[in-house]
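Numbers restart at 1 for each chain; the letters A, B, ... are given by sequence-line order, proteins then strands.
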Amino acid sequence: MEIFTYDFMIRAFVAGAIISIISPLIGNFLVLRRLSQIGDTLSHLALAGVAGSTLIGIDPTIGTVVFVLASSLGIERLRRAYARYSEISMAVATFGGMALAAILFSLSQGSAINIMGFLFGSLVSVTLNDIIIISALGIIVVALIFLLFKELLFITFDEDAAAISGIPINAINTMFTAMVAVTIALSMRIVGALLVSALMVIPAATALRIAKNFKQTVAYSVMFSVVSVFSGIFLSYYLDLSPGGTIIAISIIIMLAVNIIKRR
Amino acid sequence: MENAIEVSGVTFAYGEKTILDNISLTIGQGEFVAIIGPNGSGKSTLINIMVGILKPNSGSVRIAWNNIGYLPQRSFAFNQAFPADVKEVVSMGLYAKVGLFRRLKKSDWEKVYDTLKLVDMLDYKDELIGHLSGGQQQRVFIAKALVSDPQILFLDEPTVGVDAKSQQALLDLLEKLNKERGITVVMVTHDVWAITDKVSRIICMGNGHIYPECSLDNMDTRMLSELYGYPVKLESHVHRS
């Protein structure tokens with residue numbers, strides 16, 4: 001197939017494969033903890049990370065990972081301070097991220113930054129360096145989810161009960177927030193900052209409709225995500241569409257189809 | 001009989017409001033104790049201090065064993081649409097014991113199934129937790145509290161939110177666990193009528209104090225009315241000998 005004769009498309013598929021697995025893995029826990037908003041918040045901060053990296057001349061993927069990671073730990077502290085109003089920390093960080101991104105982008109005017117690519121995703125902008133970073137960090141995220149799966153499940157089901165039973169919830173919550181940050185920073189290269197949290201939320205929401213236990217929920221969500229990302233990359237290449245928009249549109253179509261079938 | 005729990009001079013206050021005022025009590029191994037009293041009497045605070053969720057302002061609690069089971073009052077407060085099945089929920093009771101980064105072994109899952117059998121819920125192991133009735137869910141949560149083989153089981157208002165038949169079945173189960181397995185059971189309840197024929201002792205609480213004169217042997221309408229602060233009619237009072 002012609003599509004596989006281009007190096008940039010091979011890179012796009014490799015990056016797509018990794019983010020299509022890590023996004024729903026993280027997304028399941030976010031959705032069930034009613035923290036879907038955090039994906040959106042961190043993606044706004046990721047934009048500021050891209051702008052800041054460009055301004056100081058470092059690799060935008062590495063810069064964004066570091067910036068979002070640091071911001072996520074700040075949000076976690078804010079979340080603890082406003083334990084009963086966790087949405088406050090999200091709102092403050094979202095507005096702060098957008099404000100900072102706007103300032104930094106205006107300061108870096110004249111540089112060759114592809115703002116549209118970071119906003120809506122891009123197939124051509126994924127470099128070999130990105131692939132190395134996405135693969136390394138993606139494997140770490142998958143490994144951590146696998147190793148902390150039962151603790152994350154318990155904390156998601158009942159955080160207080162998990163704490164009483166002796167599970168170190170603060171350490172695991174911090175680690176989880178860091179994993180969310182890394183996933184956002186990696187996924188925005190393909191899906192775009194504005195749609196990155198959708199890839200976390202929609203496959204998980206779709207899986208919830210048909211799963212009969214938690215492991216099935218995770219398996220279905222990854223399956224829906226992989227199908228959305230791969231078919232989205234194909235379609236966006238052949239139809240010259242935004243990859244992020246196409247991937248998310250397909251995931252929504254899958255969600256609607258599952259809901260219609262489930263209703264029958 | 002050795003003591004399972006020793007509470008010595010425990011005082012607890014939220015700001016200026018004293019909830020527990022110099023509480024001391026002991027609970028022996030193998031006892032089935034109900035802590036009763038009206039809302040706001042401090043009984044849930046006391047059990048939260050016993051299990052270590054709250055730290056007292058002064059005084060101490062000594063528990064004979066580290067391995068305790070706890071069924072909190074808000075067990076039903078979980079997301080009823082959560083996609084976990086019954087066996088997954090019960091297995092959570094083993095996670096801390098199994099340890100970080102480790103997976104449950106076959107023997108752990110056998111323990112989960114044995115505990116579900118003990119509470120008569122094995123047939124429901126693959127059901128989503130949210131699809132069960134309140135009484136069935138309560139049994140699953142008791143299994144979750146029991147699966148790590150605790151020597152003491154603490155329950156905070158376990159009969160709230162379940163129908164009368166399920167309440168009776170739940171109390172029968174607790175009696176069975178206490179008598180047949182020797183588990184010390186400490187239960188907070190405001191439902192004094194349901195428990196008098198099951199428990200070996202009651203501890204009456206009101207306004208942050210223990211009423212020493214209140215016991216199974218002399219519990220009567222006057223005593224309960226004084227404890228609850230309004231006229232209480234005791235319809236049946238049968239306790240085990």
Side-chain angles (χ1 to χ4, degrees), chain A residues 24 27-36 140 142-176 203-222 224 258 262, chain B residues 47-54 66-105 108-109 112 124-131 137 140-141 144-148 150 154 156:
Chain A
N28 281 300
F29 296 106
L30 286 181
V31 167
L32 291 168
R33 293 179 79 174
R34 312 271 165 94
L35 288 173
S36 304
I140 291 172
V142 172
L144 279 173
I145 291 278
F146 182 78
L147 288 170
L148 294 172
F149 190 82
K150 67 182 193 308
E151 285 79 13
L152 286 169
L153 168 59
F154 199 174
I155 291 171
T156 306
F157 184 71
D158 188 339
E159 188 164 332
D160 291 339
I164 293 163
S165 79
I167 286 172
I169 60 163
N170 286 340
I172 291 174
N173 277 339
T174 303
M175 229 184 298
F176 179 69
T206 310
L208 275 178
R209 293 289 288 152
I210 52 172
K212 290 188 164 50
N213 56 49
F214 190 71
K215 280 186 180 160
Q216 272 189 19
T217 310
V218 173
Y220 283 136
S221 65
V222 171
F224 294 139
V258 165
K262 179 78 181 167
Chain B
I47 206 168
N48 281 334
I49 287 173
M50 285 180 181
V51 299
I53 297 171
L54 294 175
N66 287 329
N67 193 5
I68 62 169
Y70 175 51
L71 188 71
Q73 189 172 1
R74 27 135 230 100
S75 296
F76 290 112
F78 73 97
N79 170 11
Q80 292 283 338
F82 197 96
D85 64 20
V86 165
K87 61 181 182 300
E88 285 176 326
V89 171
V90 175
S91 74
M92 291 176 199
L94 283 174
Y95 289 174
K97 202 175 178 181
V98 170
L100 277 177
F101 306 128
R102 291 180 188 188
R103 304 190 61 149
L104 265 64
K105 293 184 294 219
D108 295 321
W109 284 110
V112 168
Y124 299 87
K125 68 180 176 11
D126 296 321
E127 289 286 323
L128 283 168
I129 183 73
H131 287 182
Q137 286 181 359
V140 172
F141 285 111
K144 176 168 163 266
L146 285 174
V147 71
S148 61
F154 292 94
D156 193 355

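Of the options A:Thr217, A:Leu153, A:Asp158, a side-chain contact (heavy atoms from CB on, under 4.5 Å) to B:Phe82 is made by A:Leu153 and by none of the others.
Contact of B:Ile53 with chain A is made through the side chain alone, with heavy-atom distances under 4.5 Å. Heavy atoms closer than 4.5 Å to chain A are found in the side chain of B:Tyr70, but not in its backbone. For A:Leu144, no part sits under 4.5 Å from any heavy atom of chain B, backbone or side chain. In this structure, chain A has no heavy atom under 4.5 Å from any part of B:Val51. With a threshold of 4.5 angstrom between heavy atoms, B:Lys144 approaches chain A through side-chain atoms but not through N, CA, C or O. Neither the backbone nor the side chain of A:Phe149 comes within contact range of chain B, judged by heavy atoms closer than 4.5 Å. For B:Ile129, the part lying under 4.5 angstrom from a heavy atom of chain A is the side chain only.
Note: B:Leu100 CG to A:Ile167 CD1 = 7.5 Å, rounded to the nearest 0.5 Å. In this structure, NZ on A:Lys212 lies 10.5 Å from CG on B:Asp126, to the nearest 0.5 angstrom. Here the straight-line distance linking atom CG of A:Asn213 with atom CD of B:Glu127 works out to 11.5 Å at 0.5 Å rounding.
The minimum heavy-atom distance linking B:Ala96 with A:Ser165 is given by the pair CB-O, 2.9 Å.
Note: A:Phe157 and B:Phe78 have tilted aromatic rings, judged against thresholds of 30 and 60 degrees for the angle between ring planes.
Most heavy-atom pairs under 4.5 Å with chain A, from the set B:Leu104, B:Leu128, B:Val86: that is B:Leu128.
Using a distance-only test at 3.5 Å, with no hydrogens or angles considered, a donor-acceptor pair links the side chain of A:Lys150 to the main chain of B:Gly99. Side-chain atoms of B:Glu88 come within 3.5 Å of backbone N or O of A:Phe214 as a donor-acceptor pair.
Using non-hydrogen atoms only and a strict 4.5 Å limit, the part of residues 27-36 of chain A facing chain B consists of A:Leu32, A:Arg34.
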